[in-house]
Structures are given as C-alpha cells and as structure tokens.
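Computed from a predicted structure; not experimentally measured.
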Amino acid sequence: MKKAFLLTAIAFFLSFSSVTVRAEALAIDAKAYILIDAKTGQVLCEQNSDEKLYPASTTKIMTAILAIEKGDLNQMMTASRLAVSQYSKDIDKATGGHLGIGVNGSNVGLEDGEQVRLEDLLNVLMIKSANDAANIIAENLAPTRTDFIELMNKRAVELGATNTNFTNTCGLDVQDGHPNHVTSARDMAKFAQHAMTLPIFREIVKKTKYTMPDTNKHPASFWPAGYLSSTNKLMMENQYKSSLYQTIGIKTGFTAKAGYNLVAAGRNEEGMELISVMMGVNNGAPNSIFTQSKKLLEYGFTNFSLQKVSEANEKVDTVTVQDAEGDGKLDLVTEGELKCVLPSDKTQTKLEKKQVINSNITAPVKQGDVLGHIEYTNNGVLVGQLNVVAASAIEKKVVAQTSQIAKDVLKNGLFRKLLYGCLIFLAALTLLRITLRRISRSVRARKQEN
C-alpha cells in the first residue's frame, strides 16, 4: 500500500502544471525562461518556456542523469579516437552530425586510449563542461553513442518532456551538423528538477573546482593550476552572489547559435529551493546570462516563501475499518508537517485542499500505514501533497478469521466430496442399524411364539 502512494508522490513531484502561480513580465533579455519550485515543480514565472531552442552544454544534465542511473562511479572508461577528436570528418549516419567534440568544442584535452573513472568524468563534464567527457561516458555505457542518445531521448520522455530531441551527448547544434538538437526551458527545468534529487549530482554541481587525478596519459599537473574551475560564475564571483539565497549549481551552456544558456538552482535559509532556466541570452555580453539568472532567482525568493500549511499528526478523518476488533473506529492523521512555496503576498493565495482516502480499509492495520493523501492547490495549481496515515493499530477480528477459514475450506472441491461421502455413509449406517433392529425383534418374537 505504501509503495502505491510512493509512486503517486513521485509522479506528482516530477510533473507540474503549465499554469503559473503568478505570471509577471520581467525585464529579462532572453528568448525563453522559467522559474520553478524544485520540490514540486510548480511554475512561479515563465516566458516562451515551450519554445524549441538549442540547449548547448545544458544538454550534459541529461548525459549526467543517465551516467549516474546506469553506471558505476568506479568504472574505468576508455576514450576512443572519435570521442576526443576535435576536427573529425567522421559523420554519424543516424543523425548526420559531427561525431567528435565539435569545432572549438569545450574539452579538457583527454586523448585516444586515456582511461578515466566515471566519477572523474562526471566532475569534468559538469564542472568544466567537457564535450570529450560526455562522448566517453556515452560510448562506455551503451553499445554505441547512438544507442546512448536514444536512451537520452527515452529518459527525457519519461521525465515529462514534450519539446526535446537530442542528437548528441554534449550540446552541438547546427554549426556541427545537429540542427535538430533542441529542447525547451520547461523540459530543461524538468530534467534539472530530477537531477537535483540525485545525491551525487548535487554534490558535483555545487563545486567551484575539481582536481583531476593522474591518468595513464596525463599527470594531475597537466591541467592548468592543478585543478579545473567551474564555468558557472553565479557560484564563483561575488558580483553574482545574492543576500536572498545561496547558489547550489547547476550548468552553463553556450554556442554561437544557442546564445548563452544557464540552468541554476538556489536555496535560502528557510530551505526553499528554486530552479531557473534561462535560454538564448544573446546581447553580446557574456556575463549577462549570470546577471539575468540572478534577477530571475531573486524575483522568486522575493515574491514567494515557504509557508506551513499543515502540522504533523493533525487529525484528518475518522473511518470504520472492516473486519476489525471492537467498533473498528480509526483516526487518520497527517504523516508530518507540510510547507509549500506560496506567494508572499497573501492576496495572491487561494489555498484549497482535497482529501483522497482509501474507500476500503480492512483490518489488520498498522500504526503509520498510509491510507490516503491530501492535495493542496493554490488558484488551481498543485503546490503540495501530504500522506494520511493510521493514528493507531487495528487488529483483525478473530471470529471473522475463523469464519473465513471455514468458508475457504468449504470452497475446496475435494473436501466437499469427502464431506458428502461421510454424510451418505452415516445415513446408510443408520438405516442399516434400524433394519437390523427390526429383523432382530422379529426373530425374537417368532421364538417366543414357538
């Protein structure tokens, strides 16, 4: 029963309404953007969030998701020539696109035959945005890179994407023969929301630098300064830091056609976590993407807050449990307290709740069993969900158990035949005894007459 409600909760967390809680025009210079609550996915602000655009290196969020879900962090992976080639003339027959890292593609200089652990590749993938790392991961986790890309598209659909088509692992687009490598801000927000539920992903993307270990081709000193610096200035430079929140990741992206892209996550002292996606910032100022993303996140942390909507162990209902000892009355309570992201302006809030309780609750019931849930909506948008549990244990009625056993026995065909046979035998035996008694009395009567 708990598993069923867990699956419901997971489906809820990974899907969110296309209706924004509060739509307000922001002075943001981007082709598209979206801001969501990282826990539930509710949309706080958006513009052109379903437009298909080039994702550039934010693609690597999906590459990392698959690597974490399907790979072993300690697996040693080997680079192929095509995975690390910058100007390869080899073309992928399935996509028609470049098979290398792209013209001037971001990389860390890995070489053909170089062996690197998956965990190290994930770090250089997400921190330094290395195209060579993305290709190596794909070729070592699937029979071919094309197979891995198919897995990327399949996983995208599973996470709720409707405007995504990946044709490579790292974000190459039209200039490298990948004009159909597209996604949308909304889809990217869904990928980021899921990725941030993976502990190793969260740990990696919050880093500002990474020290690459020795490999069979390069000593650690090969990389400048002895470490690799993050491309995400939102975390690294004081000018982009905010007093309202702390940046906790996640991924930059840029190509000439895509413009500047950034998926970012921030968390405030109350524990509210927001994810922003900014796509197509193309005003000629490279750092504008960080300024614009900071503005969007600060809008969210200024206008929304984490508000308590339910206490723990709050009584929800009293139900009658079937086949129970005593009167079968059972109190249902909330499993824990619930806080939801809601507008700080109370006039923007119209909170409603809907109870969904199991219609057929049968003993035995354990204390804490999940027997339903409550859905909280604000202006029709789902903002939170809380389990409803049994406040106490309910035992099964013993008589009911005995009666059920009897019913089960009587349903058994062999037992019925034996029972009927015994009844017939007893009836015949009784009839025989009566007949013998009559014969015996008749014989005694004749002897007395003689």
Side-chain angles (χ1 to χ4, degrees), residues 56-90 92 98-149 151-152 168-172 176 195 198-232 235-236 249-254:
S57 284
T58 59
T59 299
K60 293 172 179 127
I61 293 172
M62 178 57 72
T63 304
I65 288 172
L66 282 180
I68 293 168
E69 292 179 342
K70 295 185 176 296
D72 177 349
L73 294 178
N74 290 314
Q75 179 181 345
M76 192 64 70
M77 296 187 164
T78 303
S80 72
R81 177 184 64 83
L82 290 179
V84 299
S85 174
Q86 185 172 10
Y87 298 107
S88 171
K89 295 180 180 179
D90 297 274
D92 184 351
H98 200 289
L99 272 171
I101 61 174
V103 178
N104 297 319
S106 175
N107 68 94
V108 290
L110 298 174
E111 295 181 2
D112 182 12
E114 191 154 5
Q115 295 182 323
V116 188
R117 281 191 321 136
L118 174 57
E119 186 172 359
D120 295 317
L121 287 170
L122 279 168
N123 275 273
V124 298
L125 175 79
M126 299 306 295
I127 295 172
K128 199 60 180 175
S129 195
N131 291 1
D132 41 3
N135 290 338
I136 295 167
I137 289 171
E139 291 180 356
N140 282 266
L141 285 182
T144 68
R145 208 185 309 174
T146 300
D147 291 324
F148 187 87
I149 294 164
L151 292 175
M152 291 173 67
N168 61 82
T169 63
C170 52
L172 306 181
D176 287 297
L198 306 175
I200 186 63
F201 185 95
R202 289 181 70 94
E203 181 184 331
I204 290 173
V205 298
K206 72 180 181 182
K207 297 177 184 178
T208 58
K209 60 183 180 180
Y210 184 68
T211 301
M212 188 72 172
D214 294 340
T215 73
N216 62 323
K217 295 281 187 176
H218 295 113
S221 59
F222 168 78
W223 287 276
Y227 60 84
L228 301 170
S229 298
S230 173
T231 59
N232 189 356
M235 296 191 301
M236 298 174 62
I250 53 180
K251 189 71 193 74
T252 59
F254 170 78

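Listed by chain and number, the residues in a salt bridge (charged side-chain N to carboxylate O under 4.0 Å, His left out) with Glu203 amount to none (sequence neighbours excluded). Partners of Ala130 according to the side-chain contact (heavy atoms from CB on, under 4.5 Å) rule, which considers only residues two or more places apart in sequence or in another chain, are Val108, Val124, Asp132, Ala133. For the side-chain hydrogen bond (donor to acceptor under 3.5 Å, both in side chains) test, no residue two or more places apart in sequence or in another chain qualifies with Asn232. For Asp72, the side-chain contact (heavy atoms from CB on, under 4.5 Å) criterion is met by Asn74, Gln75, not counting sequence neighbours. Applying the side-chain hydrogen bond (donor to acceptor under 3.5 Å, both in side chains) test to Asp112 and every residue at least two apart in sequence or in another chain returns nothing. Legend: residues meeting side-chain hydrogen bond (donor to acceptor under 3.5 Å, both in side chains) with Lys207, ordered by chain and number and at least two apart, are Asn123. With sequence neighbours excluded, the residues forming a side-chain contact (heavy atoms from CB on, under 4.5 Å) with Ala138 are Arg145, Phe148, Thr169, listed by chain and number. When the side-chain contact (heavy atoms from CB on, under 4.5 Å) test is applied to Gln115, the partners found at least two apart in sequence or on another chain are Met76, Thr78, Asn216. Under the salt bridge (charged side-chain N to carboxylate O under 4.0 Å, His left out) criterion, Glu111 pairs with no residue at all, not counting sequence neighbours. Checked against side-chain hydrogen bond (donor to acceptor under 3.5 Å, both in side chains), Thr231 has the following partners two or more places apart in sequence or in another chain: Thr252.
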(Q) Pair Met235, Val205 - check side-chain contact (heavy atoms from CB on, under 4.5 Å), show working. (A) CA-CA 10 Å; Met235 296 191 301; Val205 298; over 6 Å; no
(Q) Run the side chain to side chain donor-acceptor pair (under 3.5 Å) test on Lys251 and Thr59 for me, step by step, so that the C-alpha distance in whole Å, both residues' side-chain angles and the decisive distance to 0.1 Å come before the verdict. (A) CA-CA 9 Å; Lys251 189 71 193 74; Thr59 299; over 6 Å; no
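Of all non-hydrogen atoms in Ala195 and Ile61, the two that sit nearest each other are CB-CG2, 4.0 Å. Minimum interatomic distance between Met212 and Ala220 (heavy atoms only, all atoms of both residues): O-CB, 3.2 Å.
In this structure, Asn131 and Ser57 have side chains that are in contact, with non-hydrogen atoms separated by less than 4.5 Å. Side-chain contact between Glu114 and Ile136 is absent, with no heavy atoms from C-beta onward closer than 4.5 Å. A heavy-atom distance below 4.5 Å is found between the side chains of Leu110 and Leu121. The shortest side-chain heavy-atom distance between Leu73 and Leu122 falls under the 4.5 Å cut-off. Counting heavy atoms from C-beta outward, Phe201 and Met126 have side chains that approach closer than 4.5 Å. With contacts defined as side-chain heavy-atom distances shorter than 4.5 Å, the pair Val84/Asn135 does not qualify.
Screening residues 115-128 for salt bridge (charged side-chain N to carboxylate O under 4.0 Å, His left out) gives Arg117-Glu119, Arg117-Asp120 as the qualifying pairs, with residues at least two apart or on separate chains.
Put simply, the side chain of Lys60 never gets that close to the backbone of Ala134: no donor and acceptor are under 3.5 Å apart.
Taking OG of Ser221 as the start and CG of Asp214 as the end, the distance is 7.5 Å to the nearest 0.5 Å. The OG1 atom of Thr144 sits 8.0 Å away from the CD1 atom of Ile149 when rounded to the nearest 0.5 Å. One distance of note links CG of Leu141 with CG of Leu118; it measures 6.0 Å at 0.5 Å rounding. Between the CG atom in Leu125 and the OG1 atom in Thr63 there is a gap of 6.0 Å [rounded to 0.5 Å]. From Ile204, atom CD1 reaches atom CD1 of Ile250 across 12.5 Å, with rounding to the nearest 0.5 Å. Here the CG-CG distance, from Leu151 to Leu66, works out to 6.0 Å after rounding to the nearest 0.5 Å.
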